[in-house]
**Student:** 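Before anything else, here's the structure in question.
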Amino acid sequence: MKEVFKPLEPGKVKMYTCGPTVYDYAHIGNFRAFLFEDLLKRWLVYRGFKVTHVMNLTDVDDKTIKGSQKEQVPLKQYTDFYVKAFFEDIKALNIEPADVYPRATEHIPEMVALIKTLMAKGYAYRGEDGSIYYAICKFPDYGKLSKIILAETELGRGRPGWHIECSAMSMKYLGETFDIHCGGVDNMFPHHENEIAQSEAATGKKFVNYWLHNEYLLVEGKKMAKRFGNFYTLRDLVAKGYDPIAIRYLLMSTHYRQQFNFTFEGLESAKGAVDRLRNFVRRLHETEGKDSKGKVAVLTAKLEACFGGSLDDDLDIGIALASLFDFVREINNLLDDNRVSKMEASDVGGLMMRIDEVLGVIGKVEVEEALPADIDALVQKREEARKAKNWKEADAIRAQLKATGIVLEDTAQGVRWHKEKA
Ligand code: AMP
Ligand code: ZN
């Protein structure tokens, strides 16, 4: 259901996103969730909101304990390794860091306090086995998020395990009621349902105003998950030579409420899309054409309206990207005809930079510098070979240049080159 977003405090957004369990490297299904959240946050910032973002690190649970026992190292040493790996991965994916990354092990007193409140209010009790249980039947709203019907589940009694972690830590950093809570759809029940039950029973206030859940990344129609063994980590793909930014593009470019299959063809076309945007920006720096007589300004205004309007509409990234590539195509046509002035190109470049604050895929592109004389001679030689339709020699020179990190592009204005990103 779509609703108009109204923050609790004008101009500010308080946002909590469920983070990784740090028992292993995160897989790219997990990163689909974190990239959707990154896009949401970047979009809110683009629209002028000051966002406070908290993401927890689950550093104590069965899996982390089991892992540390298996490796015979202290739990903290074990989880620190994967926390560090997680931060390296999000940096490579150009995910904006959260403001706070609370760790479960460092918030036990807050969880104890919340449990004590729930016990004092009669929502929680100690069972015969010594564990403390939450009495779901005492919280009439239970099921309001996931629409689960208790009588139809075997879950007569809910046991808040790691759920209490997110309740306690989100409220500590964001207040008893905050704006946005995100996570994958698998977190909706029981995790988020339990967070609501615990938090609202303890405070008597509404816990979260807007819940946003991303759909799964699939592999051959099945959820990508550790337990199915059908997963790739970011590191697996980087080892195969893929640019993390192409992976970012791929995971971000499907609407968050739609499932999609991971494929290598998809990743290749994501790479192509990123290259296209980078080449476009590079080309803008080089233009020396005539004025477009207002055409560029019209196209720029249209893109701003379409890109903004579609992301405002429940983060409709598909339409936003389609409008961006239409724009690139139309400006490229004008560039082919030498009908973009330096001033116009600079306006377009400015818009591309603003848009990239949201997409985070273009980055700083290297602008042409003078080529070393020997390489320049090769480029000239290739041009001559091309003119003489000696394609074999032209291709051989292209390959030779590629080996030195120089990539050639043939355009209507002749050959252009750029350095390949390391
Ligand atoms: P976890 O470390 O298992 O708690 O998962 C971290 C985040 O990744 C949660 O928001 C999950 O819902 C999400 N997630 C896990 N698997 C997938 C998947 N295949 N596609 C999209 N999101 C996922
Ligand atoms: Zn959580």
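Numbering of ligands and ligand atoms starts at 1, following listing order. Here the structure is a predicted model, which is why all the values come from computation and not from measurement.
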**Student:** Where the closest heavy atom to atom 22 (N) of ligand 1 is concerned, which of Pro20, Gly184, Gly19, Gly29 has it?
**Tutor:** Gly29
**Student:** Considering only NZ, NE, NH1 and NH2 on the basic side and carboxylate oxygens on the acidic side, decide whether Lys206 and Glu176 come within less than 4.0 Å.
**Tutor:** no
**Student:** Could you tell me whether Arg235 and Asp89 make a salt bridge, using a distance below 4.0 angstrom between a side-chain N and a carboxylate O?
**Tutor:** yes
**Student:** Regarding Lys222 and the six-membered ring of Phe228, is the cationic atom NZ or CZ under 6.0 Å from the ring centre and inside 45° of its axis?
**Tutor:** yes
**Student:** At less than 4.0 angstrom from any non-hydrogen atom of Asn214, what atoms of ligand 1 do you find?
**Tutor:** 21 (C), 22 (N)
**Student:** Quick one: nearest non-hydrogen protein atom to atom 19 (N) of ligand 1, plus distance?
**Tutor:** Met224 O, 2.9 Å
**Student:** Whether Lys41 and Glu37 form a salt bridge (side-chain N of Lys/Arg under 4.0 Å from carboxylate O of Asp/Glu) is what I want to check.
**Tutor:** no
**Student:** Of the choices Thr17, Ile28, Asn30, which has the non-hydrogen atom that lies closest to atom 14 (N) of ligand 1?
**Tutor:** Asn30
**Student:** Does a side-chain N-to-carboxylate-O contact under 4.0 Å join Arg47 and Asp312?
**Tutor:** yes
**Student:** Does Asp186, backbone or side chain, put an N or O under 3.5 Å from an N or O of ligand 1?
**Tutor:** yes
**Student:** Quick one: does Ala225 get within less than 4.0 Å of ligand 1, heavy atoms only?
**Tutor:** no
**Student:** Which residue is it: Tyr25, Phe34, Phe81? I am looking for the one with a ring pair (Phe, Tyr, Trp, His ring centres under 6.0 Å) to Phe86.
**Tutor:** Phe34
**Student:** Check whether any N, O or S atom of His192, backbone or side chain, sits closer than 2.8 Å to the Zn ion (ligand 2).
**Tutor:** no
**Student:** Near Thr21, which atoms of ligand 1 are under 4.0 Å from a heavy atom of that residue?
**Tutor:** 2 (O), 4 (O)
**Student:** Looking only at protein heavy atoms, identify the closest one to atom 13 (C) of ligand 1 and say how far it is in Å.
**Tutor:** Ala33 CB, 3.8 Å
**Student:** Using the six-membered ring wherever Trp is involved, compare the ring planes of His213 and Trp211 and label them parallel, tilted or perpendicular (cut-offs 30° and 60°).
**Tutor:** parallel
**Student:** Which bit of His27 is near ligand 1, meaning a heavy atom under 4.0 Å away: side chain, backbone, both or neither?
**Tutor:** side chain
**Student:** Within 45 degrees of the axis of the six-membered ring of Tyr123 and under 6.0 Å from its centre: does Lys138 put its NZ or CZ there?
**Tutor:** no
**Student:** Check whether NZ of the Lys or CZ of the Arg Lys226 lies under 6.0 Å from the centre of the six-membered ring of Tyr23 and within 45 degrees of that ring's axis.
**Tutor:** yes
**Student:** As an exercise, identify every atom of ligand 1 less than 4.0 angstrom from a heavy atom of Gly183.
**Tutor:** 10 (O)
**Student:** As an exercise, identify every atom of ligand 1 less than 4.0 angstrom from a heavy atom of Tyr216.
**Tutor:** 18 (C), 20 (N), 21 (C)
**Student:** Of all the heavy atoms in His213, does at least one lie under 4.0 Å from an atom in ligand 1?
**Tutor:** no
**Student:** Given Phe86, Phe34, Tyr23, which has its nearest heavy atom closest to atom 7 (C) of ligand 1?
**Tutor:** Phe34
**Student:** Between Arg42 and Glu96, does any side-chain N to carboxylate O distance fall below 4.0 Å?
**Tutor:** yes
**Student:** Using a strict 4.0 Å cut-off to heavy atoms of Glu215, name the atoms of ligand 1 that fall inside it.
**Tutor:** 21 (C)
**Student:** Give the residue and atom name of whichever protein heavy atom lies nearest to atom 9 (C) of ligand 1, and the separation in Å to one decimal.
**Tutor:** Asn187 ND2, 3.5 Å
**Student:** Which part of Leu217 is near ligand 1, with near meaning a heavy atom under 4.0 Å away: side chain, backbone, both or neither?
**Tutor:** both
**Student:** With the Zn ion (ligand 2) at the apex, how many degrees lie between SG of Cys166 and NE2 of His191, rounded to 10 degrees?
**Tutor:** 110°
**Student:** Any N/O of Arg32 closer than 3.5 Å to an N/O of ligand 1?
**Tutor:** no
**Student:** At their closest point, which heavy atom of Glu344 faces which heavy atom of Arg339, and how far apart are they?
**Tutor:** OE1-O, 3.9 Å
**Student:** Closer than 4.0 angstrom, basic N to acidic O: yes or no for Asp275 and Lys271?
**Tutor:** yes
